[in-house]
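Single-structure report; data block below.
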Amino acid sequence: MQDYPSLCCGGTELTLAAREGDRPRLVYAGPALTNAPPQDLAALRIRTHAPAGPEVPIEASLLNPIGSGFPGPPGLLGHRDGRSWAIDLRVTDVEVSEACMIITTADTTAGLTATHTFTLEPESGVLIIRTSLRNDGQSTFDLQWLSALCLPLDMQFAQVKTFGGKWAGEFQCEKMRLVTGAFLRESRAGRTGHASYPGLYCGTAETGETSGLTAAFHLGWSGNHRLRIDRLEDGTLSLQAGELLLPGEALLGPGESYHAPSLYGCWSREGYGDVTRRLHQYVGAMVRPPRPRPVHFNTWEAVYFDHEPARLMALADQAAAVGAERFVLDDGWFGARRSDRAGLGDWAVSSDVYPDGLEPLADHVRALGMEFGLWIEPEMVNHDSDFYRAHPDWVLLAEGAAPIPSRHQWPLDLTRPELCDYLFEKIDSLVRELGLTYLKWDMNRDIQHPGGSDGHAVMHRQVLAFYALVDRIRTAHPSLEIESCSSGGARADYGVVSRTHRVWPSDNNDARARHSIMGGAAHWLPLSTLGSHVGPRKCHITGRLFSMEFRAASAILGHMGMELDFADESESDRATLASAISLHKRHRGLIHAGVYHRLETAEHIAACGVVSPQADEALFQIAVLDMHPGPHPPQIKFAGLDPVRRYRLSCIWPERLSSEPANFAGSALIEYGLQLPQTHPDTCLIYRLEAAI
Ligand code: DGJ
């Protein structure tokens, strides 16, 4: 057994102290060090007695349970009928291979074994931490909290960037200073949630987009969660991330285990941007969409619940004419679903609306050269549905607590295998019979009371059952793509992202608001996975009016689509839309596989772009979202280019501002920057750069 097991690849290094019988310690996790032997690091960290403190200083261990005496908050909490609460885990086994390390620890008195698996992804350097706890005792262990780890952070970290918001205002990035005490974010939404995304970035006071020590952490879990960073009085910092368990939810019987959600960590010395790119690399390889992302037409904001086959066929004609490649039929096609008050649970095509079934529409769509996709919300039921009338006891409720109505729908108890079989059969036959290539999987309410049939909280098992259902459908239909929607943005964590192909970041198609939503989401997810739609001229959510020129260009950097009624768009706006879609298609290889860069700009400008891996091609989107405070717009410094090459730079959008390419040194574009032209607010400029030599 190695005393100092270590992993180093993809630019990340991890070293532990794990001598048999000792408490395991994380010595270092961060950007790779230059040939620093692990025992040197451990020796450099030795502390002496602190006046008035314990005779031997108490070092942080992997979970800091109460028995270790560590003064910070424990990463493991639980008890066995009021006993076994002072847990003290000691190393029993260490296994190390090239990119993976497994540390097993046990407390034989408390009757617990904790196992930590650390995997370093060789390309991106992303570290994945998986922790489980097994009850080796003879009685039930009531587990109340298990963080994936108590992960020490560099003491220089002084700020966090967190992400959250609300429906239609998701992924808003907030910067906060880390003070002594706790930084705490929790979500009790019963899904990943809008308010608090399970990921954060850390930086020093100096960290910027392109330089400085940075780390990002993400909990891959689609249920209740907690993220915290504690700075103790000695200045040390540590992160915890885990599932927020409900009382009695994790009662481990003898021999039973609890698996904490995976924690993802990523470090860099090259600023926030480099960490984002590493995460994109990791997620991109995990999602790996099978082919170029087809441009979507989605029916939601065009017709809502007002389905009428002839109108939908006409919309399909118009969508194909502007360049759509996939037609996604949204909510309203099934059962008695003429509004959000009825029908959820009855997953059969409505014979009132579609007397000949959906096949004629699907065939029409395919005849136009588009794929056919369908919306579904399997986890929910309306009281006004045949399914609920047949199974009124299949919803999640908590004894004694008044049920909380939300969009007239109720969460079903997925821990019932017979329910999952029903849902699987329904989805399976829809996919087969309609030749679906795409499912938009929605989930439109929080789950406040996840009580199962025996009265126990089942939130943990509900999330696992949801994953199992998605996995079962993916196995039965390997080429089917699935979008994780959840009211827009409320289920976009790596747990769900690892088993789906795209997320719908927000219902808000307001082109101005969308820039901060997409920018926030892109801290975690690559552009190929982020749905980005051109919405109606007057945004249905904000009531603001935007030109097609601005709406279309704002949707180009993402998985592009549209959801609007063509009848409300002028002929010239439709032509503008077609031209933006064709621009997207010309460059989507670069947009979806290129390297993403945020540009540092004034607050009223949102700027980002993609650069080819060889740095010979780039596309940047620069959105002016308000009046320039001064008489002239600022200069914009590009990023990701090769400073020693020359580039042909041209403005390719809006078409009225297009310019002939002009030649510039990469270094000048990066270090000096381009003077932006005078424009009105709500103008989105697209610049293309091509290496001249
Ligand atoms: C919420 C989604 O985010 C929308 O795009 C749409 O699918 C509606 N649900 C349908 O109910």
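Just follow the structure's listing: the first ligand is 1, and inside any ligand the first atom is 1.
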Test applied, salt bridge (Lys or Arg N to Asp or Glu O under 4.0 Å); reference residue, Arg407; option that passes from Asp442, Asp340, Asp446: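 It is Asp340; the other options fail the test.
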Could you work out, with side-chain contact (heavy atoms from CB on, under 4.5 Å) as the rule, every residue matching [X], not counting sequence neighbours?
X: His587; result: Leu583, Ile591, Glu617, Leu619, Ile652, Arg688
X: Pro392; result: Tyr388
X: Arg326; result: Arg291, Pro294, His296, Val328, Glu371, Thr437, Tyr438, Glu481, His559

Backbone of Trp524 reached by a side-chain donor or acceptor of His280 within 3.5 Å: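 Side chain of His280 to backbone of Trp524: no pair is present.
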Side chain proximity check, His533 to Asn298, heavy atoms < 4.5 angstrom: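 Result yes, sub-4.5 Å side-chain heavy-atom pair found.
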Proximal protein residues to ligand 1, non-hydrogen atoms under 4.0 angstrom: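 Residues near ligand 1: Trp300, Asp330, Asp331, Trp375, Arg407, Lys440, Asp442, Asn444, Cys485, Ser487, Gly488, Trp504, Asp507.
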